[in-house]
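Report on the following structure.
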2 protein chains.
Amino acid sequence: MTTMRAAERREQERREYNAYLSECPGHQLLATLSDKWVTLVLNALADGPRRFSELSRTIPGASQKMLSQTVRKLERDGLISRTVTPSVPVRVDYELTALGESLLPVQRAIKTWAEAHIEEVHKARTEYDDRAC
Amino acid sequence: MTTMRAAERREQERREYNAYLSECPGHQLLATLSDKWVTLVLNALADGPRRFSELSRTIPGASQKMLSQTVRKLERDGLISRTVTPSVPVRVDYELTALGESLLPVQRAIKTWAEAHIEEVHKARTEYDDRAC
DNA sequence: CCGAATCCATTCGGATACTG
DNA sequence: CAGTATCCGAATGGATTCGG
């Protein structure tokens with residue numbers, strides 16, 4: 001049963017490691033930042049508050065399901081605020097919080113690197129693909 | 001059939017938008033950076049070259065399938081280099097390229113923000129959850 | 001030792017329809 | 001207008017097995 005126990009131990013290690021990762025601040029942030037729609041919503045709100053339908057039009061690629069989920073997640077994390085005006089029909093505005101705004105420079109850093117180096121990446125890719133085929 | 005055509009147009013818009021996004025450098029970078037294993041491999045290689053099996057031990061959470069996929073992707077993007085030593089058994093070393101190293105400051109920026117603000121995020125979450133229940 | 005290929009469970013995301 | 005609930009296909013990722 002030695003092999004069996006070895007397998008169990010590896011699985012155990014994997015679990016512990018994943019648990020550790022899920023507590024790591026850096027990965028928690030990446031988990032949210034990496035979400036395709038999060039980035040877009042954050043950018044859409046960078047210029048000022050937006051209503052739900054405005055967001056929907058600004059980001060045509062997002063289904064309204066994804067949009068709902070995204071804004072809820074961001075609100076939960078304190079990155080955006082949600083304001084309901086109980087008129088008829090209802091009006092809901094989303095706005096970046098101070099915490100959310102502090103995230104914009106990080107996004108810009110990513111964007112800056114991307115624009116500066118994407119050419120190299122593309123070049124590397126075509127070279128890699130050419131070699132393969 | 002007006003509603004039908006409207007639905008088609010929305011779908012068309014969605015397609016175009018997603019196509020546009022997939023060309024956006026920022027999102028291409030995020031797509032790779034956001035990958036859980038990419039971050040870990042990049043960090044594991046930050047200190048110097050590592051063999052495949054060393055990476056595997058450094059990152060117990062990764063199955064060897066994920067590890068393979070990740071290093072291949074990173075090699076294709078020109079972020080790491082792969083060196084095969086045809087001894088018996090074979091020895092394969094991975095190492096950050098200059099391009100890969102230039103990405104480390106970006107990762108650090110993310111990490112820095114995360115460590116500085118994760119507390120606020122956690123606080124926001126518990127408050128949000130308390131309000132809900 | 002390194003890695004590709006297969007199988008399978010879980011998750012994600014879109015379309016649709018319905019509530020306040 | 002602003003969501004929520006459900007169904008279902010597609011993609012993800014782990015375990016296992018085989019090959020170089």
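The shown structure was predicted, so the numbers you read here are calculated from the model rather than taken from an experiment. Reminder, nothing fancy here: chain letters follow the sequence lines and each chain counts from 1. What's counted below: heavy atoms across the whole structure, side chains too, no hydrogens, waters or symmetry copies.
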What is the separation between atom [atom1] on [X] and atom [atom2] on [N], rounded to the nearest whole Å?
| X | N | atom1 | atom2 | answer |
| --- | --- | --- | --- | --- |
| B:F52 | C:dA4 | CZ | P | 9 Å |
| A:E54 | D:dA2 | CD | P | 8 Å |
| A:L67 | D:dA5 | CG | C1' | 17 Å |
| B:D93 | C:dC2 | CG | P | 9 Å |
| B:W37 | D:dG14 | CH2 | C1' | 10 Å |
| A:Y17 | D:dG13 | OH | P | 16 Å |
| B:D35 | C:dC12 | CG | C1' | 16 Å |
| B:L21 | C:dG13 | CG | P | 14 Å |

Do A:Q107 and A:L33 make a side-chain contact, defined as non-hydrogen atoms from C-beta onward lying under 4.5 Å apart? yes
Check B:L45, B:N43, B:T39 against B:V41 for a side chain to side chain contact (heavy atoms under 4.5 Å, CB included) and give me the one that passes.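 It is B:L45, the one option of B:L45, B:N43, B:T39 that forms the side chain to side chain contact (heavy atoms under 4.5 Å, CB included) with B:V41.
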Before accepting this row, confirm whether a basic side-chain N of the pair B:D77/A:R125 lies closer than 4.0 Å to the acidic partner's carboxylate O. yes
Indicate yes or no: does B:R131 engage B:D129 in a salt bridge with an N to O separation below 4.0 Å.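 Not counted as a salt bridge, because no side-chain N and carboxylate O are separated by less than 4.0 Å.
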Check whether any side-chain nitrogen or oxygen of [X] sits under 4.0 Å from OP1 or OP2 of [N], and answer yes or no.
| X | N | value |
| --- | --- | --- |
| B:S68 | C:dG3 | no |
| A:S53 | D:dA2 | yes |
| A:R72 | D:dG3 | no |
| B:R82 | C:dC2 | no |
| B:R51 | C:dC2 | yes |
| A:R15 | D:dG14 | no |

On DNA chain C, does the nearest nucleotide to B:K65 precede the nearest nucleotide to A:S63 from the 5' side, or the other way round? Give the residue.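 Closer to the 5' end of DNA chain C: B:K65.
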What nucleotide among [options] has an atom nearest to a side-chain atom of [X]?
| X | options | value |
| --- | --- | --- |
| A:V92 | D:dT17, D:dG3, C:dG20 | D:dG3 |
| B:M66 | D:dG20, D:dG13, C:dG14 | D:dG13 |
| A:Q64 | D:dT17, C:dT16, D:dG14 | C:dT16 |

Just checking A:Y20: does its OH atom have more than 12 heavy atoms from other residues, nucleotides or ligands closer to it than 6.0 angstrom?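 Count not over threshold, so no.
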Under 4.0 Å, heavy atoms only, any strand: does A:Q69 hit a base, just the sugar-phosphate, or nothing? nothing
